[in-house]
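Just so you know, these numbers come straight off a predicted model, no measurement behind them. Note that ligands are numbered from 1 as they come in the structure, with each ligand's atoms numbered from 1 the same way.
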Amino acid sequence: MAKRGGTEYKSEMSDTPDPFTSPFGTLFGDHMTVANVVDGEYTYSGSAQPLENFSLHPATHVLHYASACFEGLKAHRQADGSVAIFRLDDHVARMLISIEKLRMPVPDGALIRQMIVDAVTADVGHTPVNPGALYIRPTFIGTAPNIGAAATPSNTAMLYVITSPVGDYFAGGIRPLTIFIEHDTPRTTPQFGMVKSGANYVMALGPTLDAKRDHVADQVLFATGGDVTETGAANFFMVDNERVITRNLDTSFLHGITRRSVLQIAADLGYEVEERAVTLDELHAWSDHGEMFLTGTAAVVAPVGKVIVRGDHVEVGDGQPGSNTLRLREALTNVQTGNSPDEHGWLTPVS
Ligand SMILES: Cc1ncc(COP(=O)(O)O)c(C=O)c1O
């Protein structure tokens, strides 16, 4: 049993390493669900199997042409000890869009949904208490052995779901993040930013590593030509006592499910909600009186304490997590953990 922040985490598996001290995403459940796809037909065995390695031909399509997409969602331990998945159907819907944008055969959403529920049910005992969770990673890869298929989709594929007990995404828990604003290099191509594909992440890696090295930044906020969008793994928000502002949706960035949840919660709490373009000048000016935060399944609601914009190191407010940010974070996690009523039907019970 490990302790953290006054909450006790006790896995049902006594020899399980502690997700609160292990880096995010490095521990795994014991199971996976797998469906094989041949010429557009999906075949799922109907139950979870032990987590095991794959054997792939060196010419496998995904290894050469990045025919891959994934999802990231969480199952949360509820106040009554049960476990529920947060916004399952919304994540399934987004994965269907990603598969379609890869020009691969799109399955019935009910299949992905069932595979997620089966994987979580099999590994439910690994679900830590809040602020930990069981992170769920549905993944789709093109598996045809074909190195002449640069302009052809793979005719075979694999859809699988694995789980990972996790603590905080950002080491150090809730702390003010330093964000470097990148205004030249885009995160990815404008038509593909909304796709949750590994190719997008590797494109963002260079600017992110450079900013970490040169500016000791935690994340990069991409604002190509001054148009503020998202970071490498989270959406971006500005808030003050009255308003919540985030970039309006288009194809250039990921349509975060946490983003959508926070917008709904903010509206429920009486904030004015603005989904619109945000310029670098506005962001700079906002730091005088407002707050900024990131949202994501992994990041939850993560406060921004400093932005590095056009070479200036700008403190956001007093540099500490703001009260509106913490209020929204608490409201979100209360719904996720069953401590507030699930008014929007966001929880799918598993155990
Ligand atoms: C690039 C990017 N943007 C935004 C998000 C936030 O999306 P969500 O809230 O659905 O996790 C993520 C998280 O996974 C991400 O990788």
Identify, by atom number and element, the atoms of ligand 1 in contact range of [X], meaning under 4.0 Å from any of its heavy atoms.
{"X": "G296", "answer": "6 (C), 9 (O), 11 (O)"}
{"X": "I257", "answer": "8 (P), 9 (O), 10 (O)"}
{"X": "R94", "answer": "7 (O), 8 (P), 10 (O)"}
{"X": "L254", "answer": "2 (C), 3 (N), 4 (C), 5 (C), 7 (O), 12 (C), 15 (C)"}

Looking only at protein heavy atoms, which one is nearest to [atom], and how far off is it?
{"atom": "atom 12 (C) of ligand 1", "value": "A233 O, 3.3 Å"}
{"atom": "atom 9 (O) of ligand 1", "value": "T258 OG1, 2.5 Å"}
{"atom": "atom 14 (O) of ligand 1", "value": "K196 NZ, 2.7 Å"}
{"atom": "atom 16 (O) of ligand 1", "value": "Y201 OH, 2.5 Å"}
{"atom": "atom 7 (O) of ligand 1", "value": "G256 CA, 3.4 Å"}
{"atom": "atom 3 (N) of ligand 1", "value": "E230 OE1, 2.5 Å"}

Does an N or O anywhere in [X] fall below 3.5 Å from an N or O of ligand 1?
{"X": "H91", "result": "no"}
{"X": "R187", "result": "no"}
{"X": "T295", "result": "no"}
{"X": "T297", "result": "yes"}
{"X": "H255", "result": "no"}

Practice task
Report the residues that fulfil side-chain contact (heavy atoms from CB on, under 4.5 Å) with T33, sequence neighbours left out, ordered by chain and then residue number.
Solution key: Y44, A48, M115, D118, A119, V161

Problem - Proximity of F253 and F222 rings by center, below 6.0 Å - result: no

Handout entry: Near-ring test F24/Y135, centroid separation under 6.0 angstrom
Key = yes

Problem - D281/R310 salt bridge by N-O under 4.0 Å criterion - result: yes

Practice task
Salt-bridge test for E275 and R247: reply yes if a basic N is under 4.0 Å from a carboxylate O, no otherwise.
Solution key: no

Problem - Within 6.0 angstrom of I147 CD1, more than 12 heavy atoms from elsewhere - result: no

Handout entry: Heavy atoms from other residues, nucleotides or ligands near CD of E282 exceed 12 (cutoff 6.0 Å)
Key = yes

Completion exercise
When V309, T279, V307 are each screened for side chain to side chain contact (heavy atoms under 4.5 Å, CB included) with H284, the one that passes is V309

Completion exercise
Only residue of R327, E242, R243 satisfying side chain to side chain donor-acceptor pair (under 3.5 Å) with Y271 is R327

Practice task
Could you tell me whether R187 sits above the aromatic face of Y201, with NZ or CZ closer than 6.0 angstrom to the six-membered ring centre and within 45 degrees of the axis?
Solution key: yes

